[in-house]
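Structure first, then comments.
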Protein chains: 2
Amino acid sequence: MKVVIIGSGNVATVMGSKIAAAGHTILQVVARREEPAARLAAGWGCGYTTDWGKTDGQADIYIVSLSDKALEGLGDVLQLPGRLVVHTAGAVASSVLLTVSANSGVLYPLQSLRSEIRPFPEFPLLITANQPEDLPVIATFARTIARQVQQTDDLSRLKLHVAATLVNNFSNYLYTRASLFCEQEKLDFSLLLPLIRETAARVEHFRPRDVQTGPAIRGDEATIRRHLEILNNHKDLSELYRLFTIQIEQFYGRDENPAG
Amino acid sequence: MKVVIIGSGNVATVMGSKIAAAGHTILQVVARREEPAARLAAGWGCGYTTDWGKTDGQADIYIVSLSDKALEGLGDVLQLPGRLVVHTAGAVASSVLLTVSANSGVLYPLQSLRSEIRPFPEFPLLITANQPEDLPVIATFARTIARQVQQTDDLSRLKLHVAATLVNNFSNYLYTRASLFCEQEKLDFSLLLPLIRETAARVEHFRPRDVQTGPAIRGDEATIRRHLEILNNHKDLSELYRLFTIQIEQFYGRDENPAG
């Protein structure tokens, strides 16, 4: 398909690259800032513009990867009647693009995307169409760049966005604080990498609730006390430790889980 | 080396299997419960006993994988003077085995080990020797079953045990609650697996603080508000969400991190 990429940030960069790699033709990059637009266009062998009025009108699909706020105002500067226009945001309604085109929807990659991290990771695409007749077109396009494609409504997509925040943002913050703790205590954080790898790998084959380990699920109060002594001068980590420990103890106690 | 495995739980199972696979000779399994001891012994082609008095006295190294509490009482039932005896616990002092043998220490796998999860994962070994002359022996043995071997004192090992709790126990609890949330909301948790995989894979090559994404680090209050509405009927998740959001906002605000 012929594609126009609107935006030049992390999501635009990764989506455009995946789309180009899948054999589609990117006609143009449209973005507010010239430098990143020119760079992406050079990589994809297409033109670019920073002028909304010069947006190419001939594409089969327009991929809009702008900030949530910019999406809300897009209809004020861009009209693409009869053209298929999708945004890539997890927490924004599909209707936000109705002011740009009736034929609009969502193509949301459920992944943490950073343009500097190669290779670009695999991701599922959650799709929504404001007009039912556009759904098969979006789905067919989505399947060329993702193995998992699922139709979702706005609420389900938002809920998955919340779940993604838990498993990505919060896990990464735990890694961040653990690495900082290691630096402060002169320990080698790389010793924890096999454990991080294994923890994530297990949920591919086991329910996470069935592979929980550690002092909290064992009700091992002696170790919990020793850990909290260690964290005595690490206020944020102590708060996290206490909340997780209370919740894990309650969750597995209540649940009558055999692992508990 | 000739090895006796003391214990028959998760750690004993995984350690013994790695030791056998590395070409050492397991002489015997010593454990309180007969059934798992017999099963492990059959797998390793060795004998077993449930009687401390019948512990084989001819091994070069005794691997003690018992509960923290059982370690404390081991000297009451087992004496192995002149023999090298190591425990595998993260949060227990190396001195706990001095009542069993002066030649004692620690061989701690920094990993979450479950006997039912194959293949057994890679792990670093943190080693301690109560007598300096035993350290090279423990280190040489450790290197036959682990790529990363590091000498640590009790306090550093305990600190790494705390860090392991953060990155494994707490991350896995986040996965657990996210999967339960998906079940309750009739969403497909498997859609989150590529994200979980990517989040863990990134810390192999990037500092976790440099790859933080999400509404909290962006200061995206509109999305945070929408997420908290979704979590309104999920009390535990709301508590976690609020604490992480406050901490991430403060951490990146204070830190003047470019990603913030």
Side-chain angles (χ1 to χ4, degrees), chain A residues 91 110-112 114 117 121-124 148 150 156 158-160 162-179 181-182 185 187 191-200 202-204 207-209 211-214 216 223 226-227 230-231 236 239 243-244 247-248, chain B residues 91 110-112 114 117 121-124 148 150 156 158-160 162-179 181-182 185 187 191-200 202-204 207-209 211-214 216 223 226-227 230-231 236 239 243-244 247-248:
Chain A
L110 186 59
Q111 184 53 280
S112 170
R114 304 271 298 211
I117 299 182
E122 184 196 345
F123 47 72
Q148 285 175 287
Q150 196 161 109
S156 294
L158 179 58
K159 286 173 179 171
L160 282 164
V162 171
T165 303
L166 301 174
V167 302
N168 166 271
N169 299 174
F170 297 173
S171 286
N172 191 71
Y173 182 67
L174 289 170
Y175 304 159
T176 296
R177 294 310 301 248
S179 72
F181 172 78
C182 285
E185 303 287 351
L187 301 166
L191 291 168
L192 293 164
L193 293 178
L195 179 58
I196 289 174
R197 206 180 301 142
E198 172 70 5
T199 305
R202 278 184 183 174
V203 294
E204 310 266 344
R207 296 196 312 172
R209 78 197 67 170
V211 293
Q212 184 72 44
T213 55
T223 299
R226 273 187 211 117
H227 283 184
I230 293 288
L231 295 178
D236 286 358
E239 282 180 14
L243 183 59
F244 272 100
Q247 287 207 11
I248 293 171
Chain B
L110 187 59
Q111 183 55 276
S112 169
R114 304 270 298 210
I117 299 181
E122 185 197 343
F123 46 73
Q148 284 174 289
Q150 196 161 105
S156 293
L158 179 58
K159 285 173 179 171
L160 282 164
V162 171
T165 302
L166 301 175
V167 301
N168 167 272
N169 300 175
F170 296 173
S171 287
N172 190 70
Y173 182 67
L174 290 171
Y175 303 160
T176 296
R177 295 309 300 248
S179 72
F181 172 78
C182 285
E185 302 288 350
L187 301 166
L191 291 168
L192 293 163
L193 293 178
L195 179 58
I196 289 173
R197 208 180 300 143
E198 172 70 7
T199 305
R202 278 184 183 174
V203 293
E204 310 266 343
R207 295 197 313 171
R209 78 197 67 171
V211 292
Q212 185 72 44
T213 55
T223 298
R226 272 187 213 118
H227 282 184
I230 293 288
L231 295 178
D236 285 359
E239 282 180 15
L243 183 58
F244 272 99
Q247 288 207 11
I248 293 171

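No experiment lies behind these values; they were computed from the predicted model shown. Order of the sequence lines fixes the chain letters, A, B, ..., with proteins taken first and strands second; residue numbering starts at 1 for each chain.
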> If you count heavy-atom pairs under 4.5 Å with chain A, which of H227(B), R197(B), E239(B) comes out on top?
Replying inline: H227(B)

> If you round to the nearest 0.5 Å, how far is OG of S179(B) from CZ of R209(A)?
Replying inline: 4.5 Å

> Heavy-atom distance under 4.5 Å to chain B: side chain of T213(A), backbone, both or neither?
Replying inline: both

> Y173(B) versus chain A, heavy atoms under 4.5 Å apart: side chain, backbone, both or neither?
Replying inline: both

> What class does the angle between the rings of F244(B) and F170(A) fall in, given that below 30° is parallel, 30 to 60° is tilted and above 60° is perpendicular?
Replying inline: parallel

> Looking at N172(B), V203(B), I248(B), T199(B), which one has more heavy-atom pairs under 4.5 Å with chain A than the rest?
Replying inline: N172(B)

> Would a 4.5 Å heavy-atom cut-off, applied to side chains only, mark T176(B) and R207(A) as touching?
Replying inline: no

> Looking only at heavy atoms, what is the nearest atom pair of L193(A) and E204(B), with distance?
Replying inline: O-OE2, 4.1 Å

>> Counting heavy-atom pairs closer than 4.5 Å to chain A, which one of L160(B), L231(B), T223(B) comes out on top?
In response: L160(B)

>> Less than 4.5 Å to any heavy atom of chain B: does that hold for the side chain of Q148(A), its backbone, both, or neither?
In response: side chain

>> At a 4.5 Å cut-off on heavy atoms, which part of I117(B) comes close to chain A: side chain, backbone, both, or neither?
In response: both

> What part of E122(B) lies closer than 4.5 angstrom to a heavy atom of chain A: side chain, backbone, both or neither?
Replying inline: both

> When heavy-atom pairs shorter than 4.5 Å are enumerated against chain A, which of P194(B), A164(B), G214(B) gives the highest number?
Replying inline: P194(B)

> What distance separates L195(B) CG from N169(A) CG, expressed to the nearest 0.5 Å?
Replying inline: 8.0 Å

> In a check of side chain to side chain donor-acceptor pair (under 3.5 Å) between S112(A) and each of R202(B), Q212(B), E198(B), which one passes?
Replying inline: R202(B)

> Roughly how far, to the nearest 0.5 Å, is CG of D236(A) from CG of L243(B)?
Replying inline: 8.0 Å

> Which pair of non-hydrogen atoms, one from Y175(A) and one from S171(B), has the smallest distance, and what is that distance?
Replying inline: CE2-OG, 3.7 Å

> Is it true that a side-chain atom of R226(B) and a backbone atom of A91(A) form a donor plus acceptor pair closer than 3.5 Å?
Replying inline: yes

>> If I compare all heavy atoms of K159(A) with all of I230(B), which pair ends up nearest, and what's the gap?
In response: CG-CG2, 3.8 Å

>> Ignoring hydrogens, what is the shortest heavy-atom contact between V167(B) and L192(A)? Give both atom names and the distance.
In response: CG2-CD2, 4.3 Å

> Taking I196(A), L166(A), L110(A), L191(A) one by one, which has the highest count of heavy-atom pairs under 4.5 Å against chain B?
Replying inline: L191(A)

>> Minimum heavy-atom separation for L187(B) and S156(A), please, with both atom names.
In response: CD2-CB, 3.7 Å

